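Lettering follows sequence order; numbering is per chain, from 1. No experiment lies behind these values; they were computed from the predicted model shown.
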Amino acid sequence: MASLVSVKDVVKRYRRGREFVEVLHHLDLEIAAGEFLPLMGPSGSGKTTLLNLIGGLDLPTSGEVVVGGERIDRMSAGQLARWRARHVGFVFQFYNLMPTLSAAANVELPLLLTSLSGSQRKANVAAALELVGLSDRARHKPNELSGGQQQRVAIARAIVADPTLLVCDEPTGDLDRENAEEILSLLQQLNREQGKTVIMVTHDPKAAEFASRIVSLDKGSLVGAPAGAPVGQGA
Amino acid sequence: MKFLHLVWSGIWRKLDRSILTLISIVNAFLIFGLLQGLSSGIDNVAKESSAAVLMTFSKVSQIEPIPMGHVAQILTVPGVKAVTPMVIFSGTYRSPLQIVPAIAVNLDQYLAVYPDVKVAPDAVQAMHQTRNGALVGKKLAQSYGWKIGDTVPIKSVLWLNRDGGAVWPVKIVGFLGGDRGGPTMLVNYAYVDEGRTQSKGTASFFFLKTTDPKLATEIGAKVDALFANSPHETRTVTPRQMAQTQFKQIGDIALVINAIVGAIFFALLFSVGAVMAQSVRERTPELAILKTIGFTDGAVLALLLAETLVFCLFAAGIGLGLAEIAFPLIRKSIGFQASAGPILLAGLGFAVALAVISGAPPAIRAMRLQIVDALAGR
């Protein structure tokens, strides 16, 4: 299958006070279109940093990040923002919904950046909410929803603009077992039925059951299975 | 427009804090509107005075009467077209709160000086035939329920009559037309002068109609020269100069008002700025999410500035609206006509400036927010 994400010789350093800390060391990774890929590893191993680079939230210190054929490491902040709006959906551990907006208004946010008409936006929001099973909660504010429901709204927000790539940072980290499994099932459904490429930082071993392969990081380097090699047992 | 609900929901994110801030801005703009109304009212008093009319009064004091004999001499000055004596006859009706602003004049001479005052010919005729006749403004007549033919008692604040009392019965014989902004009752000079027990044969002021407003200062100097070194020296000025002189006696009102308004807005800048800064700090993760899903730095800046702008304009609109409601009350209580339009425009201008100055620093900070740091809570 064609590669959607290509990370080549990527180094990421952060400044901590007077010192520079290298978080990722000359990392190479290929992710095929349509993969469901858990990024695993201990805390501080660089999983979220790698996810942020792939999602265009951060830029590497050196190396290349190519997503969908575009060198996103060369983009300006404005170009990256517009690229994210078109190509990437984000799901976070703590949902990060706007507390003052209804579920529908939260889902609509990415569509405000498009040229869709009000009625088209409404139709897309309704479809996204239906896909995550929350059509009857459209008017509810986040504080009127359970954790699992809030994460479903976040997933609906992530997919409403029909991105090719879903970037999830510990999406089940704040949920109980039952809700966590529902969210994982939903992400798998989006992967299988909608063809979304899902890259997910997780500590949840259950995620491996849905994955075609697992990528593990430790101290800023890939460990275990070589990058690109299918090891999963799921899809 | 599609971002309006996002802007509006951001404004009311912390309802109690937003309401308190709203009240403080409303209050500031209400005070601004009222004080500017007062200031513009004073300006209007001066502006409404025609430069074609001069006012002559005693050089010793504005309350010192001047002899009627001056009239004939003043009429000899080139450029003086007409002269009317005027005696302040203000008083009260039934209760001390029912004020009647009145003057005693020679009606023909008065109408020669003030041709813009419209009086029906039959009312002029009735004034000539009725010694204690009075012409009243329609608003005054309506507020006290007066009709033509009524005889009403006016209790003078200045003049006792020959009976030793201060009550002067006057008969309403007609109404004053035109856009009179001054006294709303005219009575015959002869009635007051013959009836009063002191200052007979004198006037409080003379009003002079000139042939050319540009010559007003020159004509005024010639009039005053006529009576120089006499027992009744005069000072002749335009009513505008007179009004300004009177207002300056209680200080430079415009300066005081501007200083108060300036202090209020200066304090408001900091309070609104602090509220906006606090709001942006609290919303750092939310703003980071907006950036994550594709809002550019400029879009975040514009969103936050729009929030401040909408909030300030909304609050200023309420404050200025309340002031607008109060303008007629100001006029009723102190007789000034405020210029509402320019004050509203200036107020909205201040609201925009307030929003931009107080909202820009936190909005710029939000614009520079690094998504990764903000999401990580750094």
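- In this structure, B/Lys2 NZ and A/Leu111 CG are separated by 9.0 Å, a value rounded to the nearest 0.5 Å.
- Closest approach of B/Ile293 to A/Pro110, counting heavy atoms only: CD1-N, 4.0 Å.
- The interface of residues 10-28 of chain B with chain A, defined by heavy-atom distances below 4.5 Å, comprises B/Arg13.
- In terms of heavy-atom proximity, B/Gly294 sits nearest to A/Ala85 at CA-CB, 3.9 Å.
- Proximity of a side-chain donor or acceptor of A/Arg84 to a complementary backbone N or O of B/Lys291 within less than 3.5 Å is detected.
- The only option from A/Asn96, A/Leu57, A/Val88 that meets the side-chain contact (heavy atoms from CB on, under 4.5 Å) definition with B/Thr292 turns out to be A/Leu57.
- Across A/Phe92 and B/Ile289, no two heavy atoms sit closer than the pair CE1-CD1, 3.3 Å.
- Proximity of A/Asp58 to B/Ile371: side-chain heavy atoms (C-beta onward) are nowhere separated by under 4.5 Å.
- Heavy-atom distances place no part of A/Ser76 under 4.5 Å from chain B, backbone and side chain included.
- Only the side chain of A/Arg121 comes within less than 4.5 Å of a heavy atom of chain B; its backbone N, CA, C and O stay farther away.
- Looking at heavy atoms from C-beta onward, A/Phe90 lies out of side-chain contact with B/Leu375 at the 4.5 angstrom threshold.
- Within residues 41-49 of chain A, no residue has any heavy atom closer than 4.5 Å to a heavy atom of chain B.
- Taking both residues in full, the closest heavy atoms of A/Ala81 and B/Thr296 are given as CB-CG2, 3.9 Å, listed atom of the first, atom of the second, then distance.
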